[in-house]
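Everything numeric in this text was worked out from a predicted model, so none of it was measured. Both counts, for ligands and for their atoms, begin at 1 and track the order of listing.
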Amino acid sequence: MNIFSHILGLPRIGSMRELKIAQEKYWNDEIDLKSLFNTGKNIRKSNLKIQKEKGLDFISVGDFSWYDHVLHTSMMLGNVPNRYKMLEDTCINIDTLFRVARGFVTSEKTLHASEMTKWFNTNYHYIVPEFSKNTYFNFSWKQILEELDEAIKLKFHNIKPILLGPISYLWLGKVVDGKKFSKLELLDKILPIYRKIFLEFKNRKIKWVQIDEPILALDISKRWLEAFIYVYDYLHDKDLKVLLTTYFGSIAHNINTIKDIAVSGIHIDCVSENSELNIIKNKISKSSYISLGVINGRNIWKSNLKKIYEEIYDFVRYRKKIFISTSCSLLHVPVDLQLEKNMDINFRQNFSFAIQKCEEVCLLSKALKENKKSVLSKNVLKNFYKESNLYGLCSKIQEKHLRRNNSYDVRYTIQNKILNIPTLPTTTIGSFPQTKTLREARLKFKDNKISLEKYHSEIKEYIKNVISEQEKLGLDILVHGEPERNDMVEYFSEHLQGFLFTQFGWVQSYGSRYVKPPIIVGDVYRKKPITVKWSKYAQSKTNKLVKGMLTGPITILLWSFCREDISKYIISEQIAISLREEVKDLENAGIKIIQIDEPAFREGLPLRNKFKEKYFNWAVNSFKLSSSVVSDQTQIHTHMCYSDFNDIVEAVIRLDADVVTIESSRSNFKLLKCFKKIKYPNSIGPGIYDIHTTNIPSVSDMKNVIKKYIKIFDVKKIWINPDCGLKTRNWKEVRQSLKNMVIAAKDLRDKI
Ligand code: GLN
Ligand code: ZN
């Protein structure tokens, strides 16, 4: 019986966000390279120590990343976008890496950053590799070897390096120069580099290497699937064992190919839906190791180790060559529960963050090795707060609660008459830049240093100014600017029942951006109105219409850690009912336009086609449950961004929002094609400039964009707005951009 414990990777941000702090200081020229490198080294050292101290049999190296692991794989393979190659007189260095990730602006030129997109269905974003038929590869960035040597020097043993596999790497990238070719054609140029690296591993007496090929859990074509046979035959080496690592879903549907891949072990995700141990049991040769990803790497609850033990016991005894592990990298959970000193113990005892998950892996593997179930705790979660009333409420939802009274065409006519909306109406997505005074006031209020009244008067002051700014700019539909919110999910979860917050529960979203997801620990409901007073106040300051602003149920759900004792659908239904009450209250308070943001709508989409419809059904229903409570004359908007709309456009139609505003300018308006193809029936605000850069769009540029839109959509159904909220920009940029935007819209409006 061979049972080993390991994990697929730890968070690389440091328990106190050390990496972010150092990166940002380095970017601002406040610290030098040496000091940045030192921070990285300390984080790595501490991660190595954690793994060893907790007792893992294999110690992972290669999970650290200066920005993103897909980007560092590009660097490793020498795949720097051409526009950046010109800059580098010598070889690739860390500045190259940061520039590709963040863009590079000098007085002469602006080099745009590589695109960033979601890592499968997580809230982590990776830098998309760029390929052309002629892409040239060489082993350029030797981080993996340096980190290996570093760990060896520190006297760690049984080291298991981690690499992103060549096929997933290609799959995740995009072809940039237009010439059609299959990315798989590049494999032959990449494989010699992997082989070279394998050789280096062997020189360092490495026994196992973890190669991540998560695309094996997707629906991939036969060509891509067959590439696995070819690649791993090529890389096969009797002295270096490959652990082919999959996650984010079952691989059972691809098993007939996977069983023939020449590797020494396969890691499977046993937590995501439909992981079929039975299929794996006999299909994969018994000479191969199976790594069982049984500890959930994507949520923060303690595992029920006894239950897992029972579930895998027969499998383990039968197969005999086993690794015990986490379902995926621990990148997706916070670092250390121990830091949460202020958290109520009744809750805390139910949680497990990255470091605690290492302990769980070790404990479970110890019990299996020693055949001793008794060492495991039961970990039955018993502290969910349940509101008996709510269950009654959910069961009362009927079809009629999920639709507006009349169809869009009827509503369109009524709204246009009552709301008096001009052609090509101008608006914004909600947030405006927050001021220093406001941020300080929020902090002071949270620290009990100023009173609620004082804090609220700061917010009111801001709203008054933001309304007057928008009036001066000549915008048609105004917003209150969201000064009361730090973050669009945090704010609502703080004002709803059923959520718990951490102090240090940071998770990397991209590069130096981390989020602190709230934890849903009980039934979600609304005790009292949340945003109504702010919207009402804003409306009282102007004769123009002010748009109410809410975060939608799917986004609140997906950007939180969820309870696991009830289905996601029930949780999103509870959130939707709370928002429905808020929407009704806004309407009653005289707010005539209400926007419900759903930037995470696309993210919830399951990775496999066969599960998509089920998701759409509950996601669309939740949105409609929250929004359909209003009368025909109240206009519902929704906003989505970071999205590839191709897969979701039909569901977006089903949401039946009167207006959808989307992000489209960053992807060069590619996103619009699908809306055109499907003849999007309601109104649309396709975002006429990119708010993610400091560029000020000119009137003529924006007019050209609008003209493009007029060719695609019915001019009477186009809204003119930036492509996302403005809180990341400064006031100067915002004023100039919006001024130009309003001129562009008005110029064209007059000609129609
Ligand atoms: N209303 C939000 C804002 O303007 C929307 C943010 C988002 O799309 N992520 O900031
Ligand atoms: Zn947005």
Side-chain angles (χ1 to χ4, degrees), residues 116-118 123 125 426-435 438-439 462-463 466-467 469-470 475 477-493 509-510 513-517 530-531 534-535 538 546-560 579 582-583 586 591 593-604 623 626-627 636-645 648 652 655 657 659-667 671 684-693 719-731 733-734 737-738 741:
M116 185 171 74
T117 199
K118 280 189 187 289
N123 191 19
H125 303 70
T426 53
T427 191
T428 62
I429 303 303
S431 60
F432 271 84
Q434 299 210 346
T435 53
L438 189 67
R439 278 204 206 95
Y462 180 98
I463 293 178
V466 130
I467 292 286
E469 287 277 358
Q470 293 172 87
L475 286 152
I477 306 299
L478 315 190
V479 295
H480 77 292
E482 304 179 18
E484 76 286 16
R485 305 178 197 177
N486 195 3
D487 169 272
M488 64 188 295
V489 167
E490 188 183 52
Y491 179 75
F492 283 91
S493 44
S509 170
Y510 64 87
R513 229 191 105 115
Y514 310 160
V515 292
K516 198 148 60 81
I530 303 170
T531 63
W534 306 126
S535 291
V546 174
K547 200 160 46 158
M549 198 60 63
L550 306 173
T551 303
I554 302 300
T555 301
I556 295 182
L557 175 87
L558 290 177
W559 289 355
S560 304
L579 292 170
E582 183 76 8
V583 167
L586 280 169
I591 302 301
I593 303 183
I594 300 165
Q595 178 173 312
I596 305 174
D597 290 326
E598 282 291 21
F601 191 78
R602 168 74 178 73
E603 182 180 316
F623 181 87
S626 63
S627 59
I636 296 289
H637 290 214
T638 187
H639 167 71
M640 292 179 188
C641 46
Y642 327 107
S643 286
D644 173 354
F645 286 96
I648 57 166
V652 176
L655 297 179
V659 182
V660 58
T661 57
I662 59 171
E663 185 269 315
S664 71
S665 49
R666 238 188 322 177
S667 59
L671 296 179
I684 185 164
I688 71 161
Y689 77 89
D690 179 6
I691 63 97
H692 306 85
T693 78
W719 281 65
I720 305 300
N721 46 265
D723 68 353
C724 197
L726 298 165
K727 71 162 176 248
T728 53
R729 297 269 63 88
N730 66 38
W731 267 107
E733 292 158 350
V734 165
S737 307
L738 291 181
M741 183 184 92

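- Within the set Lys547, Met549, His639, the minimum heavy-atom distance to atom 8 (O) of ligand 1 is found for His639.
- Note: His639 NE2 to Thr555 OG1 = 9.5 Å, rounded to the nearest 0.5 Å.
- Atoms of ligand 1 lying under 4.0 Å from any heavy atom of Met488, numbered from 1 in the order shown and given with element: 6 (C), 7 (C), 9 (N).
- Between Trp559 and ligand 1, not a single N/O pair is under 3.5 Å apart.
- Two residues are said to be in side-chain contact when any heavy atoms from C-beta on lie closer than 4.5 Å; Pro722 and Leu738 meet this criterion.
- Judged by distance alone, the side chain of Asn486 and the main-chain N or O of Tyr491 form no donor-acceptor pair under 3.5 Å.
- Listed for the Ser560 side chain is no donor-acceptor partner under 3.5 Å among the backbone atoms of Pro517.
- The Cys724 neighbourhood of ligand 1 comprises atoms 7 (C), 8 (O), with distances under 4.0 Å to a heavy atom of that residue.
- Residues Ser737 and Arg729 are not in side-chain contact: their nearest non-hydrogen atoms beyond the backbone lie 4.5 Å or more apart.
- For Thr638 (side chain) and Ile596 (main-chain N/O), a donor-acceptor pair under 3.5 Å exists by modelled atom type.
- In summary, the atoms of ligand 1 found under 4.0 Å from a heavy atom of Asp597, numbered by their order in the structure, are 1 (N), 2 (C), 5 (C).
- The Zn ion (ligand 2) sits nearest to atom NE2 when only the N, O or S atoms of His639 are considered.
- Checked by distance only, ligand 1 and Ile429 come closer than 3.5 Å through their nitrogen or oxygen atoms.
- At a 4.0 Å heavy-atom cut-off, ligand 1 touches Cys641 through the side chain alone.
- Although no hydrogens or angles enter the test, the distance criterion places a donor-acceptor pair under 3.5 Å between the side chain of Gln434 and the main chain of Glu482.
- With respect to Glu603 and Lys118, a salt bridge is recorded, a charged nitrogen being found less than 4.0 Å from a carboxylate O.
- Not a single heavy atom of Glu663 sits less than 4.0 Å from an atom of ligand 1.
- Close contacts between ligand 1 and Gly430 involve ligand atoms 4 (O) [criterion: under 4.0 Å to a heavy atom].
- Atom numbering of ligand 1 starts at 1 in the shown order; those under 4.0 Å from a heavy atom of Gly725 are 3 (C), 4 (O), 10 (O).
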